[in-house]
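Have a look at the structure below before the remarks.
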Amino acid sequence: MLDGLRRLEYRGYDSAGVAVITADGLAVERKAGRLANLEAELVGQEGFVGTAGMGHTRWATHGAPVDRNSHPHRDVSGKVAVVHNGIIENFHALRVELEADGVEFSSDTDTETVAHLVAREYDGDLPETVRKVCRRLEGAFTLVVTHADEPDMIVAARRSSPLVVGIGDKEMFLASDVSAFIEHTRDAVELGQDQVVTIARSGYEVTDFYGEPAPTNHFQVNWDLSAAEKGGHDYFMLKEIEEQPEALANTLRGHFVDGRIVLDEQRMADQDLRDVDKVFVIACGTAYHSGLVAKYAIEHWTRLPVEVELASEFRYRDPVLDRDTLVVAISQSGETADTLEAVRHAREQKARVLAICNTNGAQIPRESDAVLYTHAGPEVGVAATKTFLAQIAANFLVGLALAQARGTKYSDEVAREFHELEQMPAAVSQVLQTVDSVRALGRQLADSKAVLFLGRHVGYPVALEGALKLKELAYMHAEGFAAGELKHGPIALIEQDLPVVVVMPSPKGRAVLHAKLLSNISEIQARGARTIVIAEEGDETVRPFADELIEVPQVPTLLQPLVSTVPLQVLAAEIARARGYDVDKPRNLAKSVTVE
Ligand code: M6R
């Protein structure tokens, strides 16, 4: 279980705990902080002997990350143990009800209510009890429940949070994702919405919340343990940065067949794609930045209006949508609550949803009308890297699919664009071979108080992404700006020696923008900024403007983010390392944000 938790720790690392069903009842240990704290606590402890149990790593929502709020949570008798991922939204009312019954709570969590409810409702049939309790819960949850009176059984349930079952040889697993048990089996069953699975010696059984047998999705995991290991790197993130050429190539593979772009799953008619008259792109964080890049390509290729919006904002306003609106939902995990809710919001208004996702069968693709997977492989580092590049490539495929369906591009033009995309893994490999100087620069910048990032056109989302990487990894103040906005306020931030990263467009591809950016650099240089310029190889005009020059290969304008983002990922990782931070697990963050 500890090995499994280690692989899931990227999902949350505020505290960890285990419960083992032993001959003497439940043995439980919980500890605030990283999994290592729990492991240290367990050293020398006897009594954790059994063949069934559960473990948890937490990302705190209700209650501070202290021992008593760590999972598993138990009922008053200590016979019931529960771990939970998600949020029980009506927990307060349930807690009041239980307290009125005389139940004493020992934590501040929403999860503990489930343990007490199970104990109160239990009548010798744990699966039925869990179903009954689930029917009372609101919100998003994956729950795993045991009862000491039925020691050969574990019951789990899910609503809007992920849960997969691993089917091994005389052994069974339950986890939020397959990386936890991939070392033991690749044979997996994914649970659907509002389903309960009972695991017993006789096998497993899946029902809905009312006890009716439920359909499930049985699948074979197509990557192995080595893909989820660090492969000789100090951090997963560093390995994942290096995997970017492969991630790009895998994302493109198989999507251009007989001269046409094809998606992975299309549960809508071709005519629906032809009828699209407006596109919304919704996503969060890095995925949102990839969406900003998509806007330039989709508008250019299809002449469709494209709006890009943060999923958390889209969800709570009244976007004008109808059945001819295509909503492109981008999510690495496919389980981000903000994006999932935005997808539901869009579908309620009859819009078609196309998901771009890195996780096979996750909730967002399940609830969408069409799916394009980014085949970037598992991304464990909390900071998104290879999935960002893969998302950009997937966005371009969507743009080309739309251009093809609407006839705004001839098939030879689509083929040419696709062929240019196919050159990008090699271009990214080239960048990766030259990042040692970026690392050295990162070490020099480790004591900076702030870094600004500037870009125009597709360089603007790159600037935003560079700033996000630095904030989340190095805990350094960082802001990305559209360079044209500088004179409208941000230039007041410029002071002597402030590092400013500038993402230059190609002097050939975008001569006008290139000239404008040179002017912007002059303005900040005149005010004392230390300029770090990312520019195309052979762009000699930029040299006098750059205190530090980072060169990237010449590529078509729209594809520039694929090469210019890579040095910024390396820079942020190196600054974070120089400051002594854990690059894979930045403070306060979790890989999958399954709460709104
Ligand atoms: O799984 P998703 O792509 O939906 O996640 C969206 C964001 O939470 C994610 O990109 C986040 O911003 C990353 N930590 C950025 O590195």
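Heavy-atom basis, side chains included; hydrogens, waters and symmetry copies ignored. Note that ligands are numbered from 1 as they come in the structure, with each ligand's atoms numbered from 1 the same way. A quick note: this is a predicted structure, and the numbers were derived from the prediction, not measured.
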Going by distance alone, is a donor N or O of one side chain under 3.5 Å from an acceptor N or O of the other, for [X] and [Y]?
{"X": "Asn358", "Y": "Thr374", "answer": "yes"}
{"X": "Arg6", "Y": "Ser179", "answer": "no"}
{"X": "Arg34", "Y": "Asn37", "answer": "no"}
{"X": "Gln193", "Y": "Ser160", "answer": "yes"}
{"X": "Thr286", "Y": "Glu465", "answer": "yes"}
{"X": "Tyr475", "Y": "Asn588", "answer": "no"}
{"X": "Gln244", "Y": "Gln569", "answer": "yes"}

Go through ligand 1 atom by atom and flag the ones less than 4.0 Å from a non-hydrogen atom of [X].
{"X": "Ser333", "value": "1 (O), 2 (P), 4 (O)"}
{"X": "Thr336", "value": "1 (O), 2 (P), 4 (O), 5 (O)"}
{"X": "Ser331", "value": "1 (O), 2 (P), 3 (O), 4 (O)"}
{"X": "Glu472", "value": "13 (C), 14 (N), 15 (C), 16 (O)"}
{"X": "Val382", "value": "13 (C), 14 (N), 16 (O)"}
{"X": "Ala384", "value": "15 (C), 16 (O)"}

Nearest neighbour in protein (non-hydrogen) for [atom]:
{"atom": "atom 8 (O) of ligand 1", "value": "Val593 CG2, 4.1 Å"}
{"atom": "atom 11 (C) of ligand 1", "value": "Thr286 N, 4.2 Å"}
{"atom": "atom 6 (C) of ligand 1", "value": "Cys284 O, 3.4 Å"}
{"atom": "atom 3 (O) of ligand 1", "value": "Gln332 N, 2.6 Å"}

Exercise. Out of curiosity, is Lys469 lining ligand 1, as in a heavy atom under 4.0 Å away?
Worked result: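 Contact check Lys469 vs ligand 1: positive.
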Exercise. Under the 6.0 Å and 45° cation-pi test, does Arg158 pair with Phe141?
Worked result: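 No, Arg158 does not sit over the ring of Phe141.
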